[in-house]
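Note sheet for the following structure.
Note on naming: letters A, B, ... go to the chains in the order of the sequence lines (proteins, then strands), and numbering restarts at 1 for each one. Computed from a predicted structure; not experimentally measured.
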2 protein chains.
Amino acid sequence: MSAPALKHDVFQAIADPTRRRMLTLLADKEMPIAAISECFPITRTAVNKHLHVLSDAGLVSSKKVGRETRYRLQPEPLIEIKQWLDFFEQYWDEKLLALKMFVESDDA
Amino acid sequence: MSAPALKHDVFQAIADPTRRRMLTLLADKEMPIAAISECFPITRTAVNKHLHVLSDAGLVSSKKVGRETRYRLQPEPLIEIKQWLDFFEQYWDEKLLALKMFVESDDA
DNA sequence: TGCAAATGACACCTTTTGGTGTTATTATTA
DNA sequence: TAATAATAACACCAAAAGGTGTCATTTGCA
């Protein structure tokens, strides 16, 4: 009842690196499938499937505009992951976190 | 070079609900496979496979003690997920986050 | 009206995943 | 030392995941 019982799990939706790239791509702009497909070395059909997985998880919304379907990020379901992560935060060392962030900031 | 090139991705490792439960189980205690298996309705072989996936992702460490192998949480790789999530945090509404946390706090 | 663009809907294929059972291997302990 | 407990290592299987290509449908426009 309280949970919408989505077909695809959020954790599973972000497991695929292609889908993660799609989310960053759609973070600040609305895009139709054709434009999204140009950013990936796979067919439009495959892109469409990934978008459906993301949509089932509630991570993107689609809107029909004329003959194209525009997708955009719907970040709210990511809260579930954040909450799950919060539980584990007490177990890692804060100093290690600071170190790791420092290390990764200079090879980006 | 900088990345250890782990066989299994952290995002993919936490995609499976059984593996997520294993992580919470191993969060505050070290456990051998037999004890872990008792918490799940699957065979020891299957449990072992899940533990290997987690181990490949760096999320658990194993230590041989006599004839048993004890596993324990290694939370550091979760930092990668936290960092990925941090990027999206700017896109969700803070009020919505507060609401969602309030709602979920009373049906737990 | 009629053609082209954009996407939806299938059918199909291969690899991975999550599971099983069986058979070693190693370590305790009676 | 022999029996047993704990797990590692296979071989195997069904279903799902990620991909392909083809065809149908809908919309924009010359």
Output yes when at least one side-chain N/O atom of [X] is less than 4.0 Å from OP1 or OP2 of [N], else no.
X: A:Gln12; N: D:dA17; answer: yes
X: B:Thr18; N: C:dG18; answer: no
X: A:Thr45; N: C:dT7; answer: no
X: A:Arg44; N: C:dG8; answer: no
X: A:His50; N: D:dA17; answer: no

>> Using side-chain heavy atoms (C-beta onward) and a distance below 4.5 Å, is A:Leu78 in contact with B:Glu89?
In response: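 A side-chain contact is absent here, since even the closest heavy-atom pair is not under 4.5 Å.
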Nearest-angstrom distance from the residue atom [atom1] of [X] to [atom2] of [N]:
X: B:Met31; N: D:dT7; atom1: CE; atom2: C1'; result: 15 Å
X: A:Tyr71; N: C:dG8; atom1: OH; atom2: C1'; result: 9 Å
X: B:Asp9; N: C:dT16; atom1: CG; atom2: P; result: 15 Å
X: A:His52; N: D:dG19; atom1: NE2; atom2: P; result: 15 Å
X: A:Arg19; N: D:dA16; atom1: CZ; atom2: C1'; result: 12 Å
X: B:Arg70; N: C:dA27; atom1: CZ; atom2: C1'; result: 13 Å
X: A:Leu51; N: C:dT7; atom1: CG; atom2: C1'; result: 11 Å
X: B:Asn48; N: D:dA5; atom1: CG; atom2: C1'; result: 15 Å

> So does A:Lys63 have more than 12 non-hydrogen atoms from other groups sitting under 6.0 Å from NZ?
Replying inline: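 Open: at most 12 neighbouring heavy atoms sit under 6.0 Å from NZ of A:Lys63.
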> With sugar-phosphate meaning primed atoms plus P, OP1 and OP2, does B:Thr43 contact a base, only sugar-phosphate, or nothing at under 4.0 Å between heavy atoms?
Replying inline: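 Here B:Thr43 touches the bases of the nucleic acid.
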> Checking all strands, does A:Ala46 fall into the base, sugar-phosphate, or nothing category for heavy-atom contacts under 4.0 angstrom?
Replying inline: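 Answer is base: heavy atoms of A:Ala46 come under 4.0 Å of a base.
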> So how far is it from B:Lys82 NZ to A:Lys82 NZ, rounded to the nearest 0.5 Å?
Replying inline: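 These two atoms lie 5.0 Å from each other.
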> Considering only side-chain heavy atoms of A:Arg67, which listed nucleotide, C:dA6, C:dG8, D:dA8, is closest?
Replying inline: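 Selected nucleotide: C:dA6.
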>> Which nucleotide wins on minimum distance to the side chain of B:Glu68, given the candidates C:dC12, C:dG8, D:dA6?
In response: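 The nucleotide sitting nearest to the side chain is D:dA6.
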>> If you assign B:Thr69 and A:Ala15 each to the DNA chain D nucleotide with the nearest heavy atom, which residue ends up on the more 5' nucleotide?
In response: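 Counting from the 5' end, the first nearest nucleotide belongs to B:Thr69.
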> 5'-most contact on DNA chain D: B:Ala34 or A:Ile42, nearest heavy atom basis?
Replying inline: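 First, find each residue's nearest nucleotide; the 5'-ward one identifies B:Ala34.
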> Charged N to carboxylate O below 4.0 Å: is that the case for B:Asp9 and A:Arg20?
Replying inline: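 Salt bridge present between B:Asp9 and A:Arg20.
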> Which atom names give the shortest non-hydrogen contact between A:Phe88 and B:Ala27, and what distance separates them?
Replying inline: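 Reported closest heavy-atom pair: CE2-CB, 4.3 Å.
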